[in-house]
Amino acid sequence: MQATATQDPKQLVQKTLFGVLFAISIGHFLNDMIQSIITSVYPLLKQHYQLSFSQIGLITFTFQVTASLLQPIVGFITDRKARPFSLAIGMAVTMTGVIMLAKAPGFLELLGAVAMMGIGSSIFHPESSRLAHVAAGGKKGVAQSIFQLGGNAGSAIGPLLVAIIVAPYGQQNIIWFTIAAAIGIIILSFVGAWYRNYLVSHTKNTSARQVVAPVTGGKLRLSLAVLMMLIFSKFFYLASMTNYLTFFLIHKFNVSIQQSQLYLFAFLAAVAAGTLIGGFMGDKFGRKTVIWFSILGAAPFTLLLPYVPLGWTIVLAIIIGVIIASAFSAIVVYAHELMPGKVGMVSGLFFGLAFGMGGLGSALLGKLADHTSITFVFEVCAFLPLIGVLTAFLPNIERKR
């Protein structure tokens, strides 16, 4: 028996509002650019504070756990009652974390700074994903991709700015990123004002309708479990790349810190491109098809990467970035369709799970690197995309819409 859920009338927008989507995407760009400071300054922090790989992993674990645990809670709360200005509030909390990071005198203060930035991220992501859903019209995949493109582009630009602004001059120059946070607060305040007015007008003028959940019971639980395993595969592998690619390149090829940051930028730029491509492909060919291609399709390239020379390492990293990044918007929209009427909670759950898997992966891989080698970490992680075969257990819900 199929279950029904009442769709919030506030979400029933008929056309795609690209102006709103781009504003949210810019906010996401600034938010994730600031968040990317953490991983980008790892070589600098490792030298300055004499940190082990385990401590590096713990920093990422602290950030991504705080960024993940609160997200489903925030999403659940905003499903019940929208908080239009929560995006600007989240950015303000992130700004506080940036100031703390620039001035941290020791390791414990570093953990406090990244925890604050994680809290800011957990406030920002669920409601911003909901706004992308509200403004999507009939282009859910494209809307999520535009939203996520901002975040991935910010993550790609962050290491480049760190290489230019922070690496040559020292940790205290992180303070310059508060300018980006201030710009984000202004933009997201305007978005919040639009959303507040939108809620008022649509509450008055639109009646609620019933939507049908495509699967229920055991099939729903199995589908969610498969999606979570795919998130595990994707973000564990991404943790190896975003957190340890620089160390891998420095160790294996003896490149400089600044060169390694530029190569990391190339990988993250490929991730940003793959995110946008995945959204268009999902709307055109179906979410499940994109999930198949994105997770399992990266496996041949990940298996080769640890064994090739520098030039091919960078080429393979770019190919992997494009392929593996195309899945996330498809996974999020697929999950929205599995559980209609619970956009905030689903977004919070999957964004939170993504952050949590990335944090757990970083901590475990850092520990593994300390006990073996950074090269061995990449050899082990190469097999993670093979988990993509679990996509076979996902139902073809798009034929039932």
Side-chain angles (χ1 to χ4, degrees), residues 39 53 57 60 64 148 152 155-156 159 226-253 255 260 262-278 281 288-331 353-369 372-392:
T39 55
F53 281 119
T60 302
Q64 293 188 314
Q148 291 172 27
N152 288 337
S155 296
V226 169
L227 292 177
M228 289 177 183
M229 286 300 297
L230 296 177
I231 290 288
F232 161 79
S233 167
K234 170 182 166 62
F235 283 95
F236 243 67
Y237 187 82
L238 284 178
S240 72
M241 295 293 282
T242 56
N243 294 302
Y244 299 110
L245 179 63
T246 54
F247 295 112
F248 175 74
L249 296 174
I250 292 169
H251 170 76
K252 185 174 181 180
F253 302 109
V255 302
S260 71
L262 293 175
Y263 294 139
L264 178 61
F265 166 74
F267 169 74
L268 294 175
V271 169
T275 299
L276 188 60
I277 292 168
M281 289 176 61
K288 186 175 176 180
T289 301
V290 172
I291 294 169
W292 264 119
F293 167 75
S294 178
I295 305 295
L296 192 59
F301 306 103
T302 62
L303 291 168
L304 280 174
L305 185 137
Y307 306 104
V308 296
L310 177 61
W312 279 108
T313 298
I314 305 308
V315 170
L316 289 177
I318 291 171
I319 294 172
I320 292 166
V322 171
I323 294 176
I324 208 166
S326 61
F328 192 52
S329 60
I331 290 173
L353 185 64
F355 276 100
M357 287 297 102
L360 181 61
S362 178
L364 293 179
L365 295 175
K367 198 76 173 176
L368 182 62
T372 56
S373 70
I374 197 71
T375 301
F376 182 72
V377 167
F378 278 77
E379 292 171 352
V380 170
C381 290
F383 293 91
L384 286 171
L386 295 176
I387 294 175
V389 298
L390 294 176
T391 305

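Note that the structure is a prediction, hence the values are computed from the model and not measured.
Residues I324 and A298 approach most closely at CB-CB, 4.4 Å, considering heavy atoms. Residues A325 and V271 approach most closely at CB-O, 3.1 Å, considering heavy atoms. Nearest heavy-atom pair, F267 versus L238, reported as atom, atom and distance to 0.1 Å: CZ-CD2, 3.7 Å. Smallest separation of non-hydrogen atoms from A299 and T302: O-OG1, 2.9 Å. In plain terms, the two heavy atoms of S329 and Q148 that are nearest each other are N-OE1, 3.3 Å. The nearest pair of heavy atoms linking L303 to A382 is CD2-O, 3.6 Å.
Using a 4.5 Å heavy-atom threshold, the side chains of F293 and T391 count as separate. You'll find the side chain of F248 reaches within 4.5 Å of the side chain of T313, heavy atoms only. Under the 4.5 Å side-chain criterion, counting only non-hydrogen atoms from C-beta, F236 is in contact with L364. W312 is listed as a side-chain neighbour of P309, based on a closest heavy-atom distance under 4.5 Å. Side chains of F53 and L368 form no contact here, defined as non-hydrogen atoms less than 4.5 Å apart.
The distance from the OH atom of Y237 to the CG atom of L384 is 8.5 Å, given to the nearest 0.5 Å. Here the straight-line distance linking atom OG1 of T375 with atom CD of E379 works out to 6.5 Å at 0.5 Å rounding. Within the model, atoms CG of L264 and CZ of F247 stand 10.5 Å from one another, a figure rounded to the nearest 0.5 Å. A distance of 12.0 Å separates CD1 of I231 from CD1 of I387, quoted to the nearest 0.5 Å. For the atom pair CH2 (W292) and CG (L390), the distance works out to 8.5 Å, reported to the nearest 0.5 Å. Atoms CD1 and CG, from I331 and L230 in turn, are 5.5 Å apart once rounded to the nearest 0.5 Å.
Here the rule is side-chain contact (heavy atoms from CB on, under 4.5 Å) with L305, and of L316, V315, I314, L245 only L316 fits it.
In terms of modelled atom types and a separation under 3.5 Å, the side chain of S326 and the main chain of T275 share no donor-acceptor contact. Between the side chain of S294 and the backbone N or O of V290, no donor-acceptor pair lies under 3.5 Å.
Heavy-atom neighbours of K252 NZ from other residues, nucleotides or ligands within 6.0 Å: above the threshold of 12.
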